[in-house]
Amino acid sequence: MSPANEPGPTTAAVQAVNLVKVYQTGGLPVHAVRGVDLRVDRGEFVAIMGPSGSGKSTLVHMLGGLDGRTSGEIWVDGKRADTLNESGWAILRRQKIGFVFQFFNLVANMTVADNVELPALLGGSTPRHARERREYLLGELGLADKADASPAQLSGGEQQRVALARALANQPQVLLADEPTGNLDSRNTRDVLRLLGEVHRQGQTIVMVTHDARVAGLADRLVTLLDGMIVDDGAIAPPRRRTKPGAGDVVELRG
Amino acid sequence: MRLPLLALLAKEPAHGYELKQALEQIFGSAYPSPNIGQIYVTLGRLEKDGLVRGVDVEQSNRPNKKVYYCTAAGREALDEWAESPSEGPRVRDEFFMKLVLAPMTGIADRMALINRQRRHYLAIMRDLVEVAEQTDQDNRAAHLLIEGAMLHLQADLDWLERCQEELA
């Protein structure tokens with residue numbers, strides 16, 4: 001293990017040490033995650049890519065305590081987390097982790113506004129602060145006029161954006177996301193991209209499984225999984241400096 | 001750039017600098033600012049082929065400027081351009097050659113090639129995201145152009161993933 005991967009005095013936002021997941025469903029054991037070491041520092045935006053079945057979703061689910069590990073360690077904000085029981089994880093998630101999935105898990109009998117404000121209120125925000133944060137997030141996602149609607153009245157893409165707003169309501173220590181743009185059309189994806197870019201610039205730590213290259217392109221770092229192992233982990237080069245702002249080269253000119 | 005310039009001239013006669021400005025205005029930041037020298041070279045070739053004709057216009061206090069018109073032959077060339085389908089994009093041949101030939105020659109590890117290429121594509125994507133942010137929201141042509149480039153990159157990345165699954 002490299003020194004960078006050892007839990008140490010400089011606290012990582014979230015860290016996995018030799019993390020393993022073996023599913024025992026029916027016949028043969030399935031080795032979904034096979035010894036992953038991953039340290040995510042505060043303020044980092046890490047994109048996780050890889051073919052389906054490579055263990056990406058299992059990895060982020062374990063980092064959020066939604067799926068138990070077979071062996072290895074998980075550290076969240078400098079504290080050992082893999083040894084927590086379910087209620088311990090629930091408290092940790094409420095305080096430190098925002099989670100957004102491909103499926104939205106909104107509370108059906110609450111309005112959109114209440115869905116978004118709830119985690120902030122549970123996390124100890126004042127009602128006023130929770131409301132302001134909700135107004136900001138829904139506004140950025142083009143959903144300001146849906147605040148009083150119930151989730152069932154929204155399209156799939158709208159529900160997904162509400163789920164993202166809810167995950168960010170608490171300004172969590174780390175945002176874990178599993179294919180958060182899976183149901184969005186191009187225009188809605190643009191709103192989500194803008195918000196993710198903005199919260200990241202404000203210091204939000206993000207770990208995100210995605211197939212969407214536009215989303216992955218926002219990240220500072222790319223981790224690629226294959227067969228439950230990390231096969232690549234490195235920085236994505238920052239955008240080129242342009243002599244004239246906005247003078248792009250999307251197309252090639254030929255004489 | 002030949003036919004786009006010809007299309008602009010079919011709309012109205014113009015001189016080189018006006019064509020440069022028109023391209024910039026229509027395609028915005030998504031298009032590289034065309035080099036004025038390149039425009040004059042292209043106009044020269046179009047004139048040689050009889051598709052445009054340049055006429056010197058006298059200006060007071062300044063050197064003459066050359067205004068270009070689209071000729072009848074130019075009009076025909078444009079019709080032909082409009083009627084023929086454009087070539088589809090092709091697989092990135094150069095990368096594929098490297099990928100297939102690398103293990104035979106021992107010049108590189110396939111996995112390393114794929115990983116490096118993937119990060120390179122994402123860096124390009126990052127550039128495109130920035131170009132999109134800097135592009136006027138009302139310039140729909142520019143945004144569609146950027147979106148097209150993004151979709152191509154997505155396909156390239158999906159294909160890299162397939163290569164990794166099959167060859168790793």
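Hydrogens, waters and symmetry mates are skipped; everything else that's a heavy atom, side chains included, is used. All figures in this text were calculated on a predicted structure; none of them were measured in a lab. Letters A, B, ... mirror the listed sequences (proteins, then strands); counts begin at 1.
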Top of A:Leu193, A:Leu226, A:Asp227 for chain B proximity - count of heavy-atom pairs under 4.5 angstrom: A:Leu226
Does any non-hydrogen side-chain atom of [Y] lie less than 4.5 Å from one of [X]?
{"X": "B:Glu24", "Y": "B:Pro34", "answer": "yes"}
{"X": "A:Lys56", "Y": "A:His211", "answer": "yes"}
{"X": "A:Val112", "Y": "A:Leu143", "answer": "no"}

Does any backbone or side-chain atom of [X] lie under 4.5 Å from a heavy atom of chain B? Answer side chain, backbone, both or neither.
{"X": "A:Arg190", "answer": "side chain"}
{"X": "A:Ala235", "answer": "backbone"}
{"X": "A:Asp233", "answer": "backbone"}
{"X": "A:Ile236", "answer": "both"}
{"X": "A:Asp212", "answer": "both"}

Is it true that B:Arg118 and A:Asp232 have a side-chain N and a carboxylate O under 4.0 angstrom from each other? no
What residue, out of B:Glu133, B:Glu147, B:Glu165, B:Glu161, has the most heavy-atom pairs lying under 4.5 Å from chain A? B:Glu161
I'd like to know which of B:Gln154, B:Arg119, B:Arg162 tops the heavy-atom pair count under 4.5 Å against chain A. B:Arg119
Describe, in one word, how the ring planes of A:Phe99 and A:His61 are oriented to each other, choosing from parallel (under 30°), tilted (30 to 60°) and perpendicular (over 60°). tilted
Give the ring-plane orientation class for B:Phe95 versus B:Trp159, where under 30° counts as parallel, over 60° as perpendicular and anything between as tilted. perpendicular
Considering only heavy atoms, which portion of B:Val129 lies under 4.5 Å from any heavy atom of chain A: side chain, backbone, both, or neither? side chain
Can you see which heavy atom on A:Pro172 is nearest to which on A:Gly98, and at what distance? CB-N, 3.3 Å
